[in-house]
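Keep in mind that the numbers below use all heavy atoms, side chains included, and drop hydrogens, waters and symmetry copies. Sequence positions, counted from 1, serve as the residue numbers for this chain.
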Amino acid sequence: MIIIADNLHVMQPLFARALTSLDPVPVRAMVEACLQNDAQGLDLNPGPLRKHPEAAMVFLVETVQAMTDLPLLLDTTNPAAMAAGLAACRGRAMVNGVSLEPAKLERILPLAVQFDADLIGYLLHPNSQVPIDAADMMALAVDLFQAVTDGGLDPRRLILDPVIAPLSWQDGARHNRAVLEVIGALPDLLGTPVRTIAGISNLASGAMPLDRKISLEKAFVPMLAAVGLDMALVNVCHGPTVETIRLCNGLLGEGVFAWAASGPATSGSN
């Protein structure tokens with residue numbers, strides 16, 4: 001699993017204030033923390049950006065790119081901001097994202113096609129309702145795959161997100177069991193390899209002691225790894241969770257195990 005940091009989020013007050021004032025200093029500090037905690041990609045979530053969306057997104061992309069060449073996920077529902085951010089990216093970015101919601105298919109999907117960007121697709125109903133069982137998710141996956149390919153997206157650019165639900169929801173645990181089933185079934189269902197991503201942080205969102213949140217994340221990560229999840233969107237400051245991802249990568253990878261490392265060793269290691 002590739003570790004994608006979800007720490008640069010508009011719900012973080014420091015990040016939100018930095019966007020409003022276009023102050024790069026707090027953004028740099030947050031990026032540096034992500035880099036120090038093994039992030040392999042960064043999700044940039046400035047929210048809907050109702051004021052000066054293009055300038056704010058360009059500021060954010062350029063500030064981050066001045067520090068790292070890691071892949072960027074541009075996470076906004078504002079089409080103008082998304083277009084400006086994609087234009088500012090040096091390499092191929094990931095558009096985060098679309099669902100069967102008509103407005104997103106009409107306004108965000110064409111930008112991914114235009115910029116030949118990877119596109120994250122959420123398995124949600126057109127009204128944004130979260131499905132509960134695996135059959136419902138699989139039907140949505142087929143419909144979304146058809147919609148984005150009909151819209152001109154190269155199928156190789158699609159990354160599906162089955163949407164991990166908070167355990168505090170009435171059907172959260174049932175939904176998340178279905179997520180595991182669906183991730184493993186997608187290649188056969190769609191008749192082609194398809195990458196997957198999941199927001200680990202959603203699992204224990206809400207009021208809960210931090211140690212409990214991390215324990216739940218650590219328990220769920222190996223289940224996701226076992227069914228072949230490709231990308232984990234996670235708070236990289238949750239060190240034990242990130243370490244669990246790295247251990248899963250080592251155990252499921254093709255490298256040679258080494259006691260001194262949690263990831264796969266090279267063939268020449270002792």
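- Using a 4.5 Å heavy-atom threshold, the side chains of Pro24 and Phe59 count as touching.
- One finds the CD1 atom of Ile108 at 7.5 Å from the CG atom of Asn78 (value rounded to the nearest 0.5 Å).
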* Test log, rule side chain to side chain contact (heavy atoms under 4.5 Å, CB included), inputs Leu140 and Leu144 -> CA-CA 6 Å; Leu140 290 170; Leu144 183 59; 5.9 Å; no
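- Formation of a donor-acceptor pair under 3.5 Å by the Arg174 side chain with backbone atoms of Asp133 is not found in this model.
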* To do: Could you walk me through whether Leu160 and Leu158 pass side chain to side chain contact (heavy atoms under 4.5 Å, CB included), step by step?
  => CA-CA 6 Å; Leu160 289 180; Leu158 181 62; 3.8 Å; yes
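- Nearest heavy-atom pair, Gly85 versus Leu74, reported as atom, atom and distance to 0.1 Å: C-CD1, 3.5 Å.
- We find the CD1-CG distance between Ile200 and Leu216 to be 12.0 Å, quoted to the nearest 0.5 Å.
- We find the CG-CG distance between Leu73 and Asp6 to be 10.5 Å, quoted to the nearest 0.5 Å.
- Contact of the Phe115 side chain with the Val95 side chain is not registered, since no non-hydrogen atoms from C-beta on lie closer than 4.5 Å.
- Taking the salt bridge (Lys or Arg N to Asp or Glu O under 4.0 Å) definition, one finds that Asp171 meets it with nothing, sequence neighbours left out.
- Sorted by first and then second residue, the side chain to side chain donor-acceptor pair (under 3.5 Å) pairs with a member in residues 216-228 read Glu217-His238, Glu217-Thr241; sequence neighbours excluded.
- Residue pairs meeting the side chain to side chain donor-acceptor pair (under 3.5 Å) criterion with at least one partner in residues 12-33, sequence neighbours excluded, are Glu32-Gln36.
- Annotation: the span from Leu60 atom CG to Leu72 atom CG amounts to 8.5 Å, rounded to 0.5 Å.
- Listed by chain and number, the residues in a salt bridge (Lys or Arg N to Asp or Glu O under 4.0 Å) with Lys104 are Glu101 (sequence neighbours excluded).
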* To do: Take Met94 and Ile159, measure what side chain to side chain contact (heavy atoms under 4.5 Å, CB included) needs, and give me the verdict at the end.
  => CA-CA 9 Å; Met94 300 182 201; Ile159 305 166; 3.9 Å; yes
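- One finds the CG atom of Leu19 at 9.0 Å from the OG1 atom of Thr63 (value rounded to the nearest 0.5 Å).
- Atom-to-atom distance recorded for Ile245:CD1 and Gln40:CD is 9.0 Å, nearest 0.5 angstrom.
- Between Asp161 and Gly199, the closest heavy-atom pair is OD2-N, 4.4 Å.
- In this structure, the salt bridge (Lys or Arg N to Asp or Glu O under 4.0 Å) partners of Asp118, at least two apart in sequence or on a different chain, are Arg157, Arg195.
- Between Val31 and Leu8 the shortest side-chain heavy-atom distance falls below 4.5 Å.
- Residues Val10 and Phe15 approach most closely at N-CD2, 3.6 Å, considering heavy atoms.
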* Let me see the working for Val242 and Asn37 under side chain to side chain contact (heavy atoms under 4.5 Å, CB included), right down to the final yes or no. => CA-CA 8 Å; Val242 173; Asn37 285 283; 5.8 Å; no
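- Both Val98 and Leu123 are assigned to one and the same hydrophobic cluster, defined by single-linkage of ILVMFWY side chains at heavy-atom distances under 4.5 Å.
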Anything under 3.5 Å between a donor and an acceptor, one on a side chain of residues 176-194, the other on a protein residue two or more places apart or in another chain? List them.
residue : atom : partner : partner atom : Å
Asn176  : OD1  : Ala165  : N            : 2.8
Asn176  : ND2  : Ala165  : O            : 2.9
Asn176  : ND2  : Gly172  : O            : 3.2

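- Closest approach of Gly41 and Leu70 over heavy atoms only: N-CD1, 4.0 Å.
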Without placing hydrogens or testing angles, list every side-chain donor-acceptor pair under 3.5 Å for residues 42-49, not counting sequence neighbours.
residue : atom : partner : partner atom : Å
Asp43   : OD1  : Asn96   : ND2          : 2.9
Asn45   : OD1  : Gly47   : N            : 3.1
Asn45   : ND2  : His9    : NE2          : 3.1
Asn45   : ND2  : Asp75   : OD2          : 3.4

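- Note on Met223: it does not cluster hydrophobically with Leu247, by side-chain heavy-atom contacts below 4.5 Å among ILVMFWY residues.
- Annotation for Ser99 and Leu124: closest pair CB-CB, 4.3 Å, computed over non-hydrogen atoms.
- Residues Ile120 and Tyr122 form a side-chain contact, since some pair of their non-hydrogen atoms from C-beta on lies under 4.5 Å apart.
- As a member of the Ile/Leu/Val/Met/Phe/Trp/Tyr network built from side-chain separations under 4.5 Å, Val25 groups with nothing else and remains a singleton.
- The hydrophobic clustering, which links ILVMFWY residues whose side-chain heavy atoms are closer than 4.5 Å, places Val64 and Leu22 together.
- Using a 4.5 Å cut-off between side-chain heavy atoms of Ile, Leu, Val, Met, Phe, Trp and Tyr, Leu14 forms no hydrophobic cluster with any other residue.
- In this structure, Pro131 and Asp136 approach most closely via the heavy-atom pair CB-OD2, 3.5 Å.
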Atom pairs and distances, donor-acceptor, side-chain atoms in residues 228-237, under 3.5 Å, two or more places apart:
residue : atom : partner : partner atom : Å
Asp230  : OD2  : Thr196  : N            : 2.9
Asp230  : OD2  : Thr196  : OG1          : 3.4
Asn235  : OD1  : Asn7    : ND2          : 2.7
Asn235  : OD1  : Cys237  : N            : 2.9

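- In His125, the NE2 atom is crowded: over 12 heavy atoms of neighbouring residues, nucleotides or ligands sit closer than 6.0 Å.
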Show which side-chain atoms of residues 207-215 pair as donor or acceptor with protein atoms under 3.5 Å away, not counting sequence neighbours.
residue : atom : partner : partner atom : Å
Lys213  : NZ   : Ala204  : O            : 2.6
Lys213  : NZ   : Gly206  : O            : 2.7
Ser215  : OG   : Asp211  : O            : 2.9

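- Leu224 and Ile2 fall into different hydrophobic clusters, where Ile, Leu, Val, Met, Phe, Trp and Tyr residues are linked whenever their side-chain heavy atoms come under 4.5 Å apart, directly or through other members.
- Thr68 places no side-chain N or O within 3.5 Å of a backbone atom of Gln65 that could act as its donor or acceptor partner.
- Residues Met1 and Leu252 fall into different hydrophobic clusters, defined by Ile, Leu, Val, Met, Phe, Trp and Tyr side chains chained together at heavy-atom separations under 4.5 Å.
- Checked against salt bridge (Lys or Arg N to Asp or Glu O under 4.0 Å), Glu54 has no partners two or more places apart in sequence or in another chain.
- Taking 4.5 Å as the limit, every side-chain heavy atom of Pro166 sits out of range of all side-chain heavy atoms of Leu203.
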